[in-house]
Amino acid sequence: MAVIRFAERPRFRNPWSEFERMRRGFDELSRNFLSGEVPFSSATVYPPINMYEDAEQLIIKAELPGVAASDMDISLEGDTLTLQGRREPRHDDDKVSYHRREIARGSFSRAISLPTKIDPESIVAKLANGILTITLAKAAEVKPRKITVVTE
Amino acid sequence: MSEQELRVQQKQEVQHSGETTKPEKYFVPAVDIFETEKQVTVTAEMPGVAGEGVDISLEDDVLTIRGSKQPEEQTDARILLQEYETGHYLRRFTVSEAIDQEKIEASMNDGLLTVVLPKTTPAQPRKIEVKVG
């Protein structure tokens with residue numbers, strides 16, 4: 001199962017994280033066995049992402065409402081893709097009284113290790129309606145190749 | 001003021017909204033509400049919802065914000081990792097201020113919906129002169 005490749009790396013600060021990771025792994029295993037669906041894993045680092053792949057490309061999606069494209073920074077280093085950015089702080093005014101403040105403001109940074117080799121020259125990042133879509137073309141060597149059988 | 005690190009907020013599903021015929025989920029969008037002398041502003045996080053998908057109504061002092069996400073493109077892509085769910089958004093508020101219904105304005109920007117509800121101007125005090133007959 002491909003998901004195992006993205007399992008979180010052990011965090012050295014928390015001695016229990018490894019146990020937690022194992023427990024989650026077992027949970028996923030049993031859930032997968034029953035439903036055959038891709039398990040829903042909860043993110044620990046902002047933003048939560050969804051990742052898809054097909055034969056040609058890898059697609060990463062993240063919900064980033066209120067983050068302007070100019071405040072976003074995406075970089076690739078080796079096989080690690082880093083998303084960084086910030087959401088503008090509120091413009092606090094004396095005459096404004098807040099009734100609810102549920103939308104968090106601040107900065108984020110998330111590193112994603114890519115499961116396959118990709119072509120670093122052809123990465124397209126698009127932001128539409130608060131959803132960031134990054135399309136990464138797979139490197140030529142990992143694309144499936146059709147081999148024709150020749151009869152003699 | 002030092003900048004805070006953003007944290008993951010789990011999406012909350014709407015409770016008691018009745019059953020839907022389609023197997024689609026409705027989530028509660030996170031909102032900011034603030035008030036000035038002239039207006040009440042509601043900002044709601046609705047990623048994946050385009051301007052046309054937003055439906056705002058104010059009826060009997062109940063403000064309803066509904067956002068329908070655009071349908072997903074059908075692809076044969078395989079899901080590798082799923083950390084968030086997509087769905088529609090729905091939230092209701094009871095507005096205590098008198099709002100000028102005609103002048104409600106809404107805009108959608110980067111997945112953030114902003115609704116401006118102008119307060120009605122209080123009636124001007126009018127002096128009534130008593131005529132002596």
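From a predicted model like this one, the values you see are computed outputs, not experimental measurements. Labels below follow one simple rule: chain letters A, B, ... track the order of the sequence lines, proteins then strands, and each chain is numbered from 1.
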>> Rounded to the nearest 0.5 Å, what separates atom OG1 in B:T86 from atom NZ in A:K61?
In response: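 Answer rounded to 0.5 Å: 8.5 Å.
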
>> Just verifying a value: how many Å separate A:E102 CD and B:D32 CG, rounded to the nearest 0.5 Å?
In response: 7.5 Å

> Shortest non-hydrogen contact from A:Y46 to B:V8?
Replying inline: N-CG2, 3.5 Å

> What pair of heavy atoms forms the shortest contact from B:G111 to A:P65, and how long is it?
Replying inline: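 In this case the closest contact between B:G111 and A:P65 is O-CB, 3.7 Å.
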
> Is B:K69 paired with A:E63 through a side-chain N to carboxylate O contact shorter than 4.0 Å?
Replying inline: no

> Are the charged groups of A:R105 and B:E45 less than 4.0 angstrom apart, N to O?
Replying inline: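 Answer for the salt bridge query: no.
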
> At a heavy-atom separation under 4.5 Å, does A:I60 approach chain B through its side chain, its backbone, both, or neither?
Replying inline: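 The answer is neither part of A:I60.
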
> Checking heavy atoms, do the side chain of A:A68, its backbone, both or neither come under 4.5 Å from chain B?
Replying inline: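 Contact with chain B involves both backbone and side-chain atoms of A:A68.
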
At a 4.5 Å cut-off on heavy atoms, which part of [X] comes close to chain A: side chain, backbone, both, or neither?
| X | value |
| --- | --- |
| B:K11 | side chain |
| B:T43 | both |
| B:M108 | neither |

Consider only side-chain heavy atoms of I, L, V, M, F, W and Y, link residues closer than 4.5 Å, and tell whether [X] and [Y] are in one cluster.
| X | Y | answer |
| --- | --- | --- |
| B:F34 | B:I99 | no |
| A:L83 | A:V124 | no |
| A:L76 | A:F108 | yes |
| B:V28 | B:I65 | no |
| B:L58 | B:M46 | yes |

Close side-chain approach of [X] to [Y], heavy-atom, < 4.5 Å:
| X | Y | result |
| --- | --- | --- |
| B:L112 | A:I103 | yes |
| B:L80 | A:P115 | yes |
| B:F93 | A:H99 | no |

>> For B:R78, is there any backbone N or O sitting under 3.5 Å from a side-chain donor or acceptor partner on A:E53?
In response: no

> Between A:N50 (side chain) and B:Y84 (backbone), is there a donor-acceptor pair under 3.5 Å?
Replying inline: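 Yes.
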
>> For chain B, which candidate among A:V45, A:I131, A:I49 shows the most heavy-atom pairs at distances under 4.5 Å?
In response: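 Counting heavy-atom pairs under 4.5 Å, the top option is A:I49.
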
Within a reach of under 6.0 Å around [atom1] of [X], are more than 12 heavy atoms found that belong to other residues, nucleotides or ligands?
| X | atom1 | value |
| --- | --- | --- |
| B:E102 | CD | no |
| B:K103 | NZ | no |
| A:K117 | NZ | no |
| B:E105 | CD | no |

> Regarding B:Q70 and A:N129, is there a side-chain donor-to-acceptor distance under 3.5 Å anywhere?
Replying inline: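 Present: a donor and an acceptor within the cut-off.
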
> Who among B:A50, B:G51, B:P29 has the most heavy-atom pairs with chain A under 4.5 Å?
Replying inline: B:A50

> If you tally heavy-atom pairs under 4.5 Å against chain A, which of B:T36, B:D110, B:V49 wins?
Replying inline: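 Among the listed options, the one with the most contacts to chain A is B:D110.
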
> Stepwise, does the salt bridge (Lys or Arg N to Asp or Glu O under 4.0 Å) test hold for B:E83 with A:R110?
Replying inline: CA-CA 13 Å; B:E83 289 182 340; A:R110 177 162 185 181; 2.7 Å; yes

